[in-house]
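Each residue takes its place number in the sequence, starting with 1.
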Amino acid sequence: MSSPRDVVITGIGLVSSLGEGPDAHWQQLTRPGVEPVLDATRFAPYTIHPLPEIDWNLQIAKRGDQRQMETWQRLGTYVAGLALDDAGIKGNDELCATMDMVVAAGGGERDEAVDSAILAASESRNDRDVLLNEKLTTELRPTLFLAQLSNLLAGNISIVHKVTGSSRTFMGEEGAGVSAVETATARIRSGQSTHVLVGGAFQTEHSDMLLGYELAGYLHRGPWRPVWQRQGAEGGGVVTGSGGAFLVLEQREHAQSRGRKIYAELGPVVSGRARRRRGELSADIAALLKQTALRAGELLTISGASGAHAATAAEKAALDANPALAVRAFSTLTGHMKEAQFPFAVALAALAVDRKASYPVFDATVEQPFGGAPSSVLATSIGYHQFEGLGLIKAAQSEGK
């Protein structure tokens, strides 16, 4: 039974190494034998999935706005603009002014030149406390931080796209993306919000971003392999990618009142934080699967698996225990996009529901074919380090049916 407060998806903004926009991604991801876009030389021994060519002017008109943002903020602001355009909200002052925003963001890119200058100067001086104070008083960014503030992405979206309702920013890798979607969904269901912009962006083409993964040994080394085939390979299994995903979520009644196309309905969104050192991850994922109230029958599953050895093995075990799940690990073709991972999975699930078609297998050695038109699609995001989330995306029904 549908309700006026059902959460529906009316706008999708996507950028990855495969291109930009929902149509481009659908065409690429449904093309049998599509090859990933890789760069194995710039950050060797690590491979990345780089950004495509982007004309920032298309979504960020003022050069001054572009200049004061680093790439992750430009990327997030650009992708948010794509979602607003897709939902028919961009440029509508009334809708933008009443629109809430929930953003998943990291700490931003560090100023590598300042970091390098501090390290270089420390080699010839012993008064390092004095040195550090000197550098902090002369080299700090206006944000009073050696990286960037996480809520600057939301701030720039507000400035550029005039989205000026309430704003929340979550930090914490994949967990931030899950919490952002979970919170936006809860606000709409409760009647606190009528329409919400939710998503995140990740720019991996910056050595400090890769350092964050590698300090704990998470990055895959050596020749590239699909997500499911990295177990036992050198390194930690994660291949990162630059990209972003934003969604416009609305109350069903709100979307219908303005005559907007609805991609899909967002069903249960659930999250957990397993005690992984105790080996509880597979069991926790199984418990989350039960909470999503999956119907009987074959179910297309868009997995945000990162390739991280322990997390991906646990996810595979939990999904394999449900033979009806036809899994597609999209990071094989996009790379791992951290905070944007779960919004991206939800977007791909919504496209499959809307187009009434499946994605072909991304790795024929592991993934199973899926026949027919998916009326429901499961999206997963099992954090490479911690936090787990699932969401069920369903075909939109007419109210009252």
Query raised in the report: Can you tell me how far CE of M209 sits from CD of Q203, rounded to the nearest 0.5 angstrom?
Result: 8.0 Å
Query - Criterion side chain to side chain contact (heavy atoms under 4.5 Å, CB included) on W224 and R230, from CA distance to verdict - result: CA-CA 9 Å; W224 175 88; R230 296 176 194 160; 3.5 Å; yes
Query raised in the report: Is the distance between the ring centroids of Y213 and Y46 under 6.0 Å?
Result: no
Requested in this report: Would you check if the side chain of S158 reaches a backbone N or O of T164 as a donor-acceptor pair within less than 3.5 Å?
Outcome: no
Report task. Tell me yes or no: between the side chains of S381 and E174, is some donor less than 3.5 Å from an acceptor? Result -> no
Requested in this report: Could you check if a side-chain atom of T169 sits within less than 4.5 angstrom of a side-chain atom of L153, using non-hydrogen atoms only?
Outcome: no
Query raised in the report: How far does OH of Y78 sit from CD1 of I157, to the nearest 0.5 angstrom?
Result: 14.0 Å
**Report entry** Any donor-acceptor N or O pair under 3.5 Å, side chains Q229, T365
**Finding:** yes
Requested in this report: Take V103 and F246 through the test side chain to side chain contact (heavy atoms under 4.5 Å, CB included) and record every step on the way to the result.
Outcome: CA-CA 9 Å; V103 174; F246 270 84; 4.2 Å; yes
Report summary line: In terms of heavy-atom contacts, A40 and T47 come closest through CB-OG1, 3.7 Å
**Report entry** For G244 against M337, the heavy-atom pair lying closest together
**Finding:** N-SD, 4.3 Å
Requested in this report: Would you mind reporting whether K261 and Y263 have side-chain heavy atoms less than 4.5 Å apart?
Outcome: yes
Query raised in the report: How close do Q231 and T312 get, heavy atom to heavy atom, and via which atoms?
Result: NE2-CB, 4.1 Å
Query raised in the report: Taking the side chain from N133 and the backbone from V130, do they hold a donor-acceptor pair closer than 3.5 Å?
Result: no
**Report entry** Shortest non-hydrogen separation from A318 to S282 and the atoms involved
**Finding:** CB-O, 3.9 Å
Query raised in the report: Do Y218 and H336 have ring centroids that are under 6.0 Å from one another?
Result: no
Query - E234 side chain vs R221 backbone, donor-acceptor pair below 3.5 Å - result: no
Query raised in the report: Are the side chain of S242 and the backbone N or O of T204 linked by a donor-acceptor pair below 3.5 Å?
Result: yes
Query - Distance, nearest 0.5 Å, that separates OG1 of T98 from CD1 of I89 - result: 8.0 Å
Query - Greater than 12 external heavy atoms within 6.0 Å of R42's CZ - result: yes
Requested in this report: Would you check, one step at a time, whether the test side chain to side chain contact (heavy atoms under 4.5 Å, CB included) holds for V160 with M69?
Outcome: CA-CA 11 Å; V160 172; M69 301 184 215; 3.9 Å; yes
Query - Greater than 12 external heavy atoms within 6.0 Å of R278's CZ - result: no
Report summary line: Closest non-hydrogen atoms of W228 and V366, given as atom of the first, atom of the second and distance, are CB-CG2, 3.8 Å
Query raised in the report: Do other residues, nucleotides or ligands put more than 12 heavy atoms under 6.0 Å from the NZ atom of K316?
Result: no
Query raised in the report: Nearest 0.5 Å, what's the OG-CZ distance between S303 and R328?
Result: 11.0 Å
Query raised in the report: Do E70 side-chain atoms and W72 backbone N/O form a donor-acceptor pair below 3.5 Å?
Result: no
Query raised in the report: Looking only at atom types and distance, does a side-chain atom of S166 sit under 3.5 Å from a main-chain N or O of D100, one as donor and one as acceptor?
Result: no
Report summary line: P374 and S358 have their tightest heavy-atom pair at CD-N, 4.1 Å
Query raised in the report: Is it true that the side chains of T334 and S16 contain a donor and an acceptor less than 3.5 Å apart?
Result: no
Query raised in the report: Just by distance, with hydrogens left out, do T332 and D363 show a side-chain donor and acceptor under 3.5 Å apart?
Result: no
Query raised in the report: If only atom types and distance count, is the side chain of E298 paired as donor or acceptor with the main-chain N or O of A326 below 3.5 Å?
Result: no
Report task. Test N156 against T77 for side chain to side chain donor-acceptor pair (under 3.5 Å), laying out the working first. Result -> CA-CA 7 Å; N156 278 300; T77 304; 5.3 Å; no
Requested in this report: Report yes if some heavy atom in the side chain of L219 is under 4.5 Å from a heavy atom in the side chain of T240; otherwise report no.
Outcome: yes
Query - Residue pair V37, H49: steps toward the side chain to side chain contact (heavy atoms under 4.5 Å, CB included) verdict - result: CA-CA 6 Å; V37 179; H49 299 251; 5.5 Å; no
Query raised in the report: How far does CD1 of I60 sit from NE2 of H161, to the nearest 0.5 angstrom?
Result: 6.5 Å
Query raised in the report: Can you find a pair of side-chain heavy atoms, one from V7 and one from V196, that are under 4.5 Å apart?
Result: no
Report task. Tell me yes or no: between the side chains of R74 and Q66, is some donor less than 3.5 Å from an acceptor? Result -> no
**Report entry** N/O donor-acceptor pair under 3.5 Å between E205 side chain and L51 backbone
**Finding:** yes
Requested in this report: Take H25 and F330 through the ring pair (Phe, Tyr, Trp, His ring centres under 6.0 Å) test and state the conclusion after the steps.
Outcome: CA-CA 11 Å; H25 280 83; F330 66 90; 9.8 Å; no
Query raised in the report: Quick check: does any side chain N or O of D86 sit under 3.5 Å from a backbone N or O of I12, one acting as donor and the other as acceptor?
Result: yes
**Report entry** L299 side chain reached by V377 side chain, heavy atoms, under 4.5 Å
**Finding:** no
Query - Close side-chain approach of R258 to L95, heavy-atom, < 4.5 Å - result: yes
Query - E173 vs K338 side-chain heavy atoms within contact, under 4.5 Å - result: yes
Query raised in the report: Quick check: does any side chain N or O of S190 sit under 3.5 Å from a backbone N or O of R187, one acting as donor and the other as acceptor?
Result: yes
Query raised in the report: Got a second to check how far M171's CE is from S179's OG, nearest 0.5 Å?
Result: 13.0 Å
Query raised in the report: Do R260 and E250 sit within salt-bridge range, that is, some charged N less than 4.0 Å from a carboxylate O?
Result: no
